[in-house]
Amino acid sequence: MNPIIIIPARMASTRLPGKPLADIAGKPMIVQVANRALEADCAKVVVATDDRQVFDAVRDYNHHAIMTGKDHLSGTDRIAEALALTDPDAEHDTIINVQGDLPTISPKDIRASLQPLEVDACDIATLGTVINDPEEKTNENVVKIVGSGTTENRKVLRALYFTRATAPWGEGPLYHHIGLYAFRRAALERFVSLPPSMLERRERLEQLRALEAGMQIHAAIIDTVPLGVDTPADLEKARIALG
């Protein structure tokens, strides 16, 4: 594999305006995310943004950045454009999409996203973790992976479905989906060419588009959920963690 990490970043957050540039331990959040990606030591790192302030901030800290269009409906569409711009000769065959609001993500978890791609049948890799908090099992904001195939020595789950509901029914673990993806290049290109699917629109989960199109998604099971910064309270937690 010859991976590249692309971090999508936009300024249009409604709950936390200017989120990518929020200060965390003296650096913009997007720079902290890029630092974690660089520390993973597995790929070139590029930030894809539609905002000149974000572009300049990233470049000020000697990270790679690229300007993309403003009309993308998702971060996945943004990374697809960034890939075409930054790698027109298709030297990179694997693309890791690290969300721009994960400043405390462990570098080893970024590396873990590549593990499922060791299986040829896997088109898209992602991450998950066992849900231990009873309240999260019924929380619609906690997306669950319904899948099979996890073993003690190979902690990878083949995803059969993703849902906001409490699933699957019955005894056994529930898995919290973590929205970090590693795409084979052909899978990314196919994915962004597809229209939104019925279940994707119903569950409001983009990854269902891939499953409905017959693509395979496998999830590496990691120990904890990384802190996603969506609110001022989340931002304070990140500042404490990295302070």
Side-chain angles (χ1 to χ4, degrees), residues 7-8 13-16 19 22 24 29 32-33 36 40 74-76 96-116 122 124-152 154-182 197 199-212 216-243:
I7 305 168
S13 172
T14 55
R15 288 190 289 177
L16 192 60
K19 181 165 69 170
I24 299 177
M29 179 166 64
Q32 292 285 9
V33 178
R36 301 295 86 74
S74 71
T76 310
I96 304 175
N97 178 357
V98 176
Q99 298 301 317
D101 58 4
L102 298 175
T104 67
I105 190 168
S106 168
K108 71 179 177 61
D109 291 342
I110 295 174
R111 292 194 299 272
S113 70
L114 294 172
Q115 182 187 356
C122 177
I124 303 169
T126 190
L127 300 175
T129 191
V130 175
I131 298 175
N132 294 311
D133 184 345
E135 292 184 3
E136 290 190 354
K137 295 180 179 181
T138 56
N139 186 341
E140 67 180 24
N141 294 314
V142 176
V143 177
K144 290 83 176 175
I145 309 171
V146 179
S148 62
T150 299
T151 64
E152 287 301 316
R154 182 175 176 80
K155 295 185 177 180
V156 175
L157 195 71
R158 178 186 171 191
L160 304 176
Y161 193 65
F162 296 85
T163 182
R164 298 180 182 276
T166 302
W169 182 84
E171 293 297 323
L174 298 182
Y175 293 96
H176 182 154
H177 178 232
I178 298 164
L180 184 154
Y181 297 93
S197 66
L199 289 173
E200 173 188 359
R201 291 193 295 265
R202 183 167 178 174
E203 290 261 21
R204 290 182 288 114
L205 297 174
E206 185 183 39
Q207 61 271 37
L208 290 175
R209 186 190 317 176
L211 292 184
E212 287 189 79
Q216 285 200 24
I217 303 176
H218 295 196
I221 304 304
I222 61 175
D223 295 330
T224 59
V225 179
L227 172 63
V229 177
D230 292 312
T231 66
D234 295 333
L235 181 58
E236 288 307 311
K237 291 177 182 177
R239 286 170 171 164
I240 291 170
L242 294 177

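Keep in mind that this is a model prediction, so the values were computed, not measured. Side chains are part of it too, since the values below use all heavy atoms of this structure and drop only hydrogens, waters and symmetry mates.
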For the residue pair [X] and [Y], what are the closest heavy atoms and their distance?
| X | Y | value |
| --- | --- | --- |
| Thr129 | Thr224 | OG1-N, 3.7 Å |
| Ile145 | His177 | CG1-CB, 3.5 Å |
| Leu227 | Leu102 | O-CD2, 3.7 Å |
| Gly100 | Ile7 | CA-CG2, 3.6 Å |
| Pro8 | Asn97 | CD-OD1, 3.2 Å |
| Ala210 | Ile217 | CB-CD1, 4.1 Å |

State the [atom1]-[atom2] distance between [X] and [Y], to the nearest 0.5 angstrom.
| X | Y | atom1 | atom2 | answer |
| --- | --- | --- | --- | --- |
| His218 | Ser113 | NE2 | OG | 14.5 Å |
| Arg204 | Arg164 | CZ | CZ | 4.5 Å |
| Asp230 | Gln99 | CG | CD | 10.0 Å |
| Ile96 | Leu114 | CD1 | CG | 4.0 Å |
| Leu242 | Arg36 | CG | CZ | 5.5 Å |
| Leu174 | Asn132 | CG | CG | 10.0 Å |

- Item | Derivation of the side-chain contact (heavy atoms from CB on, under 4.5 Å) call for Gln207 and Thr126 | CA-CA 10 Å; Gln207 61 271 37; Thr126 190; over 6 Å; no
- Message: Counting only heavy atoms from other residues, nucleotides and ligands, does the tally under 6.0 Å from NZ of Lys137 exceed 12?
- Response: yes
- Item | Leu199 side chain reached by Tyr161 side chain, heavy atoms, under 4.5 Å | yes
- Task: Before giving the answer on side-chain contact (heavy atoms from CB on, under 4.5 Å), spell out for Tyr175 and Ile131 the whole-Å C-alpha distance, their side-chain angles and the decisive distance to 0.1 Å.
- Result: CA-CA 6 Å; Tyr175 293 96; Ile131 298 175; 5.9 Å; no
- Taking Arg111 for the side chain and Ala40 for the main chain, is one N or O donor matched with an acceptor at less than 3.5 Å? yes
- Query: Under the 3.5 angstrom rule, does the side chain of Gln32 hit a backbone N or O of Ile24 as a donor-acceptor pair?
  - Reply: yes
- Task: Evaluate side-chain contact (heavy atoms from CB on, under 4.5 Å) for Ile178 paired with Asp109, printing each intermediate quantity in order.
- Result: CA-CA 10 Å; Ile178 298 164; Asp109 291 342; over 6 Å; no
